[in-house]
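Proteins come first, then strands; the chains are lettered A, B, ... in the order of their sequence lines, and each starts at number 1.
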There are 2 protein chains.
Amino acid sequence: MYSKELVKGTLKTIILKLLSDSDKMYGYEITQKVKELTGGKIQLTEGALYPTLHAMEAQGILTTDVVNVGNRIRKYYTVTSAGKKIARDKVSEFSDFMDTMIFLLDLKPKMG
Amino acid sequence: MYSKELVKGTLKTIILKLLSDSDKMYGYEITQKVKELTGGKIQLTEGALYPTLHAMEAQGILTTDVVNVGNRIRKYYTVTSAGKKIARDKVSEFSDFMDTMIFLLDLKPKMG
DNA sequence: CGTATATACCTAAGAAACTTATGTATATAA
DNA sequence: TTATATACATAAGTTTCTTAGGTATATACG
């Protein structure tokens, strides 16, 4: 687990990237996917995730589709085309930021 | 200039790295150095910088040395040995975090 | 001589983006 | 029956910044 400050500011970028790469995901699924992909190093909290999803829906970045699974509710989120552009921009900006930080902190990045 | 959220959480790491690589620097000098090294992409604000420097001094991470240059004051900051360990840890954690983000966002990092 | 810009320090109010805590409810394994 | 997992949600509090303001000297421009 990374210190809290570090992960701050990356939440929207992470959500939009994951949603852009699949047609739909629900909130809890996003938390589990991030946990799995990062080996538990990044664990999104629900208190941060849900309000962010609601805000992005209100902004027209995401649309929702509520489904009943058994007796439980699932709220699937899909990125709109406007959202996909924002996703690309955010990932691109983050990539640029990392290059800048790598230079500033004099780091050697690993190969992709 | 990057969006505000992105740079959040990296201030201490940047300050400690720069101070670790030189015996001493003063506040204004740090802002100018970061601006220069990042081509203006990261510009530290004084409202964030000074309180952070003061806090790190209070925590024994930095020590100060006030010097008169002409009729102006300069407050030089030096990293303590305890601070150097924190600096290494912070840079290392950030490096690890970037590797995680590169994988999560499916990015191709540039060579160092 | 006045004004703008650069240098150099500082604090405080407010905003942003979280964390922590709490709540609801179903399903399943021990 | 108790804990853990699934699945949603909100709200109070905290951290960390931005924005705005304040003080003061030095220098360049017209």
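Computed from coordinates, the A:Leu44 CG to D:dA7 C1' distance equals 15 Å when rounded to whole Å. Counting to the nearest Å, the P atom of D:dA7 and the NZ atom of A:Lys33 are 15 Å from each other. B:Glu46 places its CD atom 15 Å from the P atom of D:dC17, with the value rounded to the nearest Å. As a whole-Å value, the separation of A:Ile73 CD1 from D:dA7 C1' is 9 Å. Rounded to whole Å, atom P of D:dC17 lies 8 Å from atom NZ of A:Lys8. In this structure, the CG atom of A:Asn71 is 15 Å from the P atom of D:dC8, given to the nearest Å. Taking atom CD1 of residue B:Ile15 and atom P of nucleotide D:dC17, one finds them 9 Å apart after rounding to whole Å. Rounded to whole Å, atom P of D:dA7 lies 14 Å from atom NZ of A:Lys35.
B:Thr10 OG1 to B:Phe94 CZ: the interatomic distance, rounded to the nearest 0.5 Å, is 6.5 Å. The structure places CG of B:Asp21 at 9.0 Å from NZ of B:Lys84, a figure rounded to the nearest 0.5 Å.
The 5' end of DNA chain C is approached more closely, in terms of each residue's nearest nucleotide, by A:Leu49 than by the other of A:Val69 and A:Leu49. Both A:His54 and B:Arg72 lie near DNA chain D, and the one whose nearest nucleotide falls closer to the 5' end is A:His54.
A salt bridge does not link A:Arg74 to A:Asp65: none of the charged side-chain nitrogens sits closer than 4.0 Å to a carboxylate oxygen.
Counting non-hydrogen atoms under 4.0 angstrom, A:Lys75 reaches the backbone sugars and phosphates but no base. Residue contacts shown for B:Gly70 are absent, as no nucleic acid heavy atom lies under 4.0 Å away.
For the contact set between residues 20-30 of chain B and DNA chain C, defined by any heavy atom under 4.0 Å, the members are B:Tyr26, B:Gly27, B:Tyr28.
In terms of phosphate contacts, A:Tyr50 brings no side-chain nitrogen or oxygen within less than 4.0 Å of OP1 or OP2 of D:dA9. For D:dA7, the OP1/OP2 oxygens have a side-chain nitrogen or oxygen of A:Arg74 closer than 4.0 Å.
Looking only at distances, no side-chain donor or acceptor of B:Gln32 sits under 3.5 Å from a matching main-chain atom of B:Glu29. A donor-acceptor distance shorter than 3.5 angstrom exists from the side chain of B:Ser20 to the backbone of B:Leu16, with no hydrogens or angles considered. Counting only distance, with no hydrogens or angles, the side chain of A:Ser95 and the backbone of A:Val91 share no donor-acceptor pair below 3.5 Å.
In this structure, A:Tyr77 and A:Thr63 have side chains that are not in contact, with every pair of non-hydrogen atoms separated by 4.5 Å or more.
Remark: B:Lys75 fails to qualify as a cation-pi partner of B:Tyr26 under the 6.0 Å distance and 45° angle criteria applied to the six-membered ring.
The side chain of A:Tyr77 lies closest to D:dA9, out of D:dT15, D:dA9, D:dT6.
Bracketed by its first and final contacts, the part of DNA chain C lying under 4.0 Å from non-hydrogen atoms of chain A reaches from C:dC18 to C:dA27 in 5' to 3' order.
B:Ile73 and B:Leu49 sit in two unconnected hydrophobic clusters of ILVMFWY residues. Membership requires side-chain heavy atoms under 4.5 Å apart, directly or through other members.
No option in A:Ile61, A:Val79, A:Thr13, A:Thr80 other than A:Ile61 meets the side chain to side chain contact (heavy atoms under 4.5 Å, CB included) test with A:Ile86.
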